[in-house]
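Just so it is clear, the structure is predicted and the values come from calculations on it, not from any experiment. Just so you know, ligand 1 is whichever comes first in the structure, and atom 1 is the first atom listed for that ligand.
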Amino acid sequence: MAGRTVLVTGGTTGIGRATAVGLAAMGARIVLTGRDPTRAHGVAEAVQKEARSGPVEGLGADLSRVQGVRALAEALDQVAPRIDVLVNNAGAVFSRYETTPEGLERTWALNVLAPFLLTEILVARAEGARPARVVNVASSAHRGAHLDLDDPGRSARYRGFSAYGQSKLALLLLTYAQAKRYADRHVRVNALHPGFVASRFGRDNPGGFGVGITIAEALFAISPQRGARTSIYLASAGEVGDATGRYFVRCRPSSSSRLSQDAALGERLWARCERDVAAVGPAPASEDA
Ligand SMILES: NC(=O)c1ccc[n+]([C@@H]2O[C@H](COP(=O)([O-])OP(=O)(O)OC[C@H]3O[C@@H](n4cnc5c(N)ncnc54)[C@H](OP(=O)(O)O)[C@@H]3O)[C@@H](O)[C@H]2O)c1
């Protein structure tokens, strides 16, 4: 990975941090993100030490906001104008319905719109040049989920795990649509399920929801290092350099649900994402996102 730059969103903890360490140790230049810039800088220094690698950069951006995604892209322009591998890893489950200051439901905004928009911006920038990879961290939670494109925020009947399952179904549909759209730009797009991983995932939720996840993780989950293996594999392995539009589990190709492979639904989802992003409006002239 020497000479390659990898952007890992949600690289401050859990699977993303372990992904950053693993790829940094292979010689990649890493840019990792989290919401708080100071924390992201601190984690970047720690990752650099742990991996005994070259410089690791940490950037702060709230990716549940469209303007936060745009601000990250702008900051990247200074720090790392060319990204060879984008790992769309940041994601969360929220037990309670809440909208962002931009009026979007949080799960939809963070788990779907952020990877959609960030990938769009970076692909548009990466004109021609060398092949690039996009790794979307999805989940087996997409199975059994359905997609409500009229009300993706599920404002009428919100349930945390349904909204989460829907968001990961949407990420898979987007993965297959992105793979097709970006094929002639030499951008390879794949998705994965990392396993059930003991991270901070879900723990910050109030009440029994957060406690339940914490206990389940303590009993059944694998380590973040194991959880990061498939992300690292898809970001770096030569044998998957040409793979695109695939879903991987434990570093092997796997089948995602039949619904996730519905290309017409994927196109309607794409249009919905474009509408949601457009509804927020253009980037402000002086960026404060
Ligand atoms: N853990 C599992 O069992 C599991 C299973 C299947 C799939 N996944 C997926 O794996 C990915 C990583 O999860 P994880 O288990 O490592 O979770 P985690 O420990 O909670 O880490 C989540 C990461 O996302 C960042 N993040 C959260 N909200 C953000 C926001 N609004 N803007 C920007 N960054 C934000 C966090 O950074 P800060 O807190 O520093 O902002 C953190 O680095 C997620 O997409 C998750 O859905 C996890």
Please test Tyr182 against Glu120 for side chain to side chain donor-acceptor pair (under 3.5 Å), starting from the C-alpha separation and ending with a verdict.
CA-CA 9 Å; Tyr182 304 147; Glu120 269 283 88; 2.6 Å; yes
Donor-acceptor pair, distance only, cut-off 3.5 Å: does the side chain of [X] make one with the backbone of [Y]?
X: Gln261; Y: Ser256; value: yes
X: Asn205; Y: Gly202; value: yes
X: Asn136; Y: Ala138; value: no

Cation over ring, Arg181 on Trp270, under 6.0 Å and within 45°?
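Relative to the ring axis of Trp270, which defines the angle, Arg181 lies inside both limits.
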Check the surroundings of atom CZ in Arg246: do more than 12 heavy atoms from other residues, nucleotides or ligands lie under 6.0 Å from it?
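It does not: Arg246 CZ has 12 such atoms or fewer within range.
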If you count only heavy atoms, which residues are under 4.0 Å from ligand 1?
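The answer is Gly10, Gly11, Thr12, Thr13, Gly14, Ile15, Gly34, Arg35, Arg39, Ala61, Asp62, Leu63, Ser64, Asn89, Ala90, Gly91, Leu110, Val137, Ala138, Ser139, Tyr164, Lys168, His193, Pro194, Gly195, Phe196, Val197, Ser199, Arg200, Phe201, counting any residue whose heavy atom sits under 4.0 Å from ligand 1.
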